[in-house]
Amino acid sequence: MGDIAVRAEGLGKRYLLGERLPYRTLRDSLARAARVPFRALTVRRREAPSQGLPASPRYLWALREVSLEVKRGEAVAIVGRNGSGKSTLLKLLARITEPTQGWAEVQGRVGALLEVGTGFHPELTGRENIFLNGVILGLNRAEIRRRFDEIVAFSELEKFLDTPVKHYSSGMYVRLAFSVAAHFVPDVLLLDEVFAVGDHAFRQKCHHRLRETLQAGTTVLLVTHDPAVAEQWCSRAVWLEGGQVRADGPSASVVQAYVASQE
Amino acid sequence: MGKTDAQFETRTSSVLRLNRRETLVVRIQPSRRWGFPSLGEIWHYRELLYFLVWRDVKVRYKQTVLGAAWAVLQPFLTMVVFSLFFGRFAGIPSGELPYPVFSYVGLLPWTLFSQGINQAGNSLAASAHLVTKVYFPRLLIPLAAVLALVVDFAIAFGVLLGMMLYYRIVPTSAVLWFPGFFLLALLTTLAVGLWLAALNAQYRDVRYVVPFLTQLWLFATPVIYPSFLLQGVWRVLLGLNPMTTVVEGMRWALLGVGAPPGRMVWASVGVVALLLITGLLYFRHTERTLADVV
Ligand SMILES: Nc1ncnc2c1ncn2[C@@H]1O[C@H](COP(=O)(O)OP(=O)(O)O)[C@@H](O)[C@H]1O
Ligand SMILES: [Mg+2]
């Protein structure tokens, strides 16, 4: 793959709608399976209304035929309207969900920040959550231990380290969560609209940290709603519409075209 | 990232391999519908497994007022109730053993099993916030739920030692078989737990069935009564339940009473192997779409 950090070819994801799985019951499924042999006998007669049965599944292609290449160290913004498939693209690259079609290759350690504080447990203390969250993000224990003091200093929560996070204010919670995430330097970083949090000073700090991460050569895919953020951080932008790539190019022009289409 | 760690192949959606520059390349593609979870990958994620177990244990002991004492109280109080109602009032025989220690030694693995299948069964649905935000082999979730209960088992085991001292029961050399029966208990719990976890993520009515199933299973396991009360075909049916072998086996191994479980062990190992293999296959099958449905 050489200096290509992310490559996707014809990537597609189809979701099942209508018969959303969590609404299925084992009872219905078993009953339906038991009816199969009998249905052959009755099918000639008037088609009975299928009251008990859910509507036949409908599919939604959240992403379709997406191909792209991202060079190592490149920062790419993913823009597009709600439901255009931005999060789905990141979830596929992070292996959270499987593609229905196509393939992708990602080189190096992947860090997915689809939300901050994934896996935080309210009953555990700040210290305990730093470890838990760090391991969930993909750090190992030795790495966390090495960066522990730095993480704590970044969060400015030294005094509350042994307090369960359920007693934290939401601002403190976010600060701790961001501090762990900010000290995880993967090869490929996937960020999903996790920008607009914290107070101004803390946000500055996070931006500073992101700049350092970029300078360290990390490849970044950044999903954002904010044209300003896209242009500030990324030289390139990919515009998704209806699950397909509508435009891919220098962020200034792509973002402008996207904003123009919104008006 | 160490070379050996990265050099496993998975049959799942992603194949990890090293390229010439020794960096990890992850291949993402649709996976086969049926297959087994990759053990190499579980090993790769062992540190996360450790932390998930640690979290479960820690949170459980923080959340209950009694903390670790809860692990003891639950089987102990059940034993007291059983001893009163079944041992004393109903006069259920317990062989050469006093009824309290007879039932307690059965309640130890039973508690592990019943709590294990409940918690493993709910574990995927309860971890939706993780499953939809980060990748790791989902098998770690029910696995951690079961392993976290081993700590409870160890604590409750201490009470058994106290009871043995009190009743002056000295274990025989059969005690060497104890680890085997303990492993069988763990694997049985895991196998049933995997099935329930996967079913529970797919069908919303499964969790209402689990308490009922647990109750039926208790009566099909010689915890309250000794298996010598049953004869003929009932005895054989009872033997197909691996928890029978576990309970009888532990009684024999720890307290030196009864006959060694003999051929019944192989029947149980067979049943557990079948449940585990099919459970892993079914789990892997549901894992493919898990993040989309929870
Ligand atoms: N688990 C799911 N099941 C069914 N449909 C889904 C699921 N997740 C996302 N979708 C649908 O896929 C489309 C793309 O969603 P998403 O990638 O989250 O868009 P974006 O992040 O661009 O707003 C949307 O129409 C959404 O409703
Ligand atoms: Mg989104």
Side-chain angles (χ1 to χ4, degrees), chain A residues 1-2 8-9 11-13 15-16 20-30 91-115 118-125 128-129 131-132 134-142 164 187-188 192, chain B residues 1 5-6 12-17 19-21 23-31 45-52 54-56 58-63 125 127-137 199-209 286-294:
Chain A
M1 278 175 86
E9 278 293 335
L11 209 55
K13 174 71 186 182
Y15 286 117
L16 198 58
R20 275 292 295 274
L21 291 173
Y23 302 107
R24 285 205 299 185
T25 65
L26 186 58
R27 204 187 61 182
D28 285 346
S29 297
L30 290 177
K91 283 186 177 181
L92 289 176
L93 295 177
R95 294 197 285 163
I96 290 163
T97 185
E98 272 189 20
T100 315
Q101 275 187 346
W103 57 266
E105 280 191 345
V106 181
Q107 184 169 284
R109 194 145 78 147
V110 178
L113 273 188
L114 305 194
E115 115 198 308
T118 299
F120 264 38
H121 199 291
E123 296 285 340
L124 299 177
T125 66
E128 290 165 342
N129 271 306
F131 276 91
L132 184 62
V135 172
I136 285 171
L137 286 179
L139 288 160
N140 62 43
R141 217 178 334 174
D187 301 310
V188 176
D192 194 350
Chain B
M1 191 150 302
D5 268 0
T12 62
S13 61
S14 39
V15 177
L16 307 189
R17 60 162 204 267
N19 68 4
R20 268 171 256 111
R21 306 248 290 280
T23 52
L24 196 65
V25 176
V26 179
R27 170 95 182 182
I28 296 157
Q29 61 196 22
S31 67
Y45 280 89
R46 61 194 178 277
E47 198 156 77
L48 179 55
L49 176 63
Y50 168 82
F51 269 95
L52 291 177
W54 168 87
R55 175 200 66 180
D56 282 359
K58 204 131 202 176
V59 168
R60 184 135 34 93
Y61 293 161
K62 275 189 188 183
Q63 262 171 345
S127 300
H129 59 290
L130 281 184
V131 166
T132 54
K133 300 293 183 226
V134 279
Y135 172 77
F136 55 87
L199 282 170
N200 200 7
Q202 296 274 335
Y203 303 105
R204 68 187 151 90
D205 54 347
V206 170
R207 67 195 148 110
Y208 304 112
V209 183
T286 55
E287 185 183 23
R288 299 170 67 243
T289 52
L290 187 64
D292 304 340
V293 299
V294 289

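Bear in mind the structure is a predicted one, so any value in this text is a computation, not a measurement. Within every chain, numbering begins at 1; the chains are lettered A, B, ... in the order of the sequence lines, protein sequences first and strands thereafter. In what follows, every heavy atom counts, from backbone to side chain, and hydrogens, waters and symmetry copies are set aside.
Note that CG of A/Leu137 and CG of B/Leu48 are 10.5 Å apart. Values are rounded to the nearest 0.5 Å. In this structure, OG1 on B/Thr132 lies 8.5 Å from CG on A/Leu114, to the nearest 0.5 angstrom. Rounding to the nearest 0.5 Å gives a distance of 11.0 Å between CG of A/Leu11 and CD of B/Gln29. Rounding to the nearest 0.5 angstrom, the gap separating the CG atom in B/Asp292 from the CD atom in A/Glu98 is 9.0 Å. Taken to the nearest 0.5 Å, the CZ atom of B/Arg288 stands 9.0 Å off from the OG1 atom of A/Thr100.
Interface remark: of the candidates B/Leu130, B/Leu52, B/Leu290, B/Leu130 forms the most heavy-atom pairs closer than 4.5 Å to chain A. Ranked by non-hydrogen atom pairs under 4.5 Å with chain B, the options A/Ile96, A/Leu93, A/Val135, A/Leu132 are led by A/Ile96.
Neither the backbone nor the side chain of A/Glu9 comes within contact range of chain B; no heavy atoms are under 4.5 Å apart. If you measure heavy-atom distances from A/Ala104 to chain B, the contacts under 4.5 Å come from both the backbone and the side chain. Heavy atoms closer than 4.5 Å to chain A are found nowhere in B/Phe136, neither backbone nor side chain. Heavy-atom distances place the side chain of B/Val206, and not its backbone, under 4.5 Å from chain A. Residue A/Leu113 does not touch chain B at all, counting heavy-atom pairs closer than 4.5 Å. Neither the backbone nor the side chain of B/Val209 comes within less than 4.5 Å of any heavy atom in chain A.
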Please evaluate residues A/Gln107 and B/Val26 with respect to the criterion side chain to side chain contact (heavy atoms under 4.5 Å, CB included), reporting the C-alpha separation (whole Å), side-chain torsions for both, the decisive distance (0.1 Å), and the verdict. CA-CA 6 Å; A/Gln107 184 169 284; B/Val26 179; over 6 Å; no
Could you go step by step and tell me if A/Leu124 and B/Arg55 meet the side chain to side chain contact (heavy atoms under 4.5 Å, CB included) rule? CA-CA 8 Å; A/Leu124 299 177; B/Arg55 175 200 66 180; 4.0 Å; yes
Please lay out, stage by stage, how B/Lys62 and A/Glu128 fare under the test salt bridge (Lys or Arg N to Asp or Glu O under 4.0 Å). CA-CA 13 Å; B/Lys62 275 189 188 183; A/Glu128 290 165 342; 2.9 Å; yes
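The cationic group of A/Arg27 does not satisfy the cation-pi geometry with B/Tyr203, failing either the under 6.0 Å distance to the six-membered ring centre or the 45° limit from the ring axis.
A/Val106 places none of its side-chain heavy atoms less than 4.5 Å from the side chain of B/Val25.
Closest approach of B/Ile28 and A/Pro99 over heavy atoms only: CG2-CD, 3.8 Å. Nearest heavy-atom pair across B/His129 and A/Thr118 is O-CG2, 4.2 Å. Pairing each heavy atom of A/Gly102 with each of B/Pro30, the nearest pair is O-CD, 3.2 Å. The nearest pair of heavy atoms linking A/Trp103 to B/Arg27 is CG-NH2, 3.3 Å.
Using a distance-only test at 3.5 Å, with no hydrogens or angles considered, a donor-acceptor pair links the side chain of B/Glu47 to the main chain of A/Arg141.
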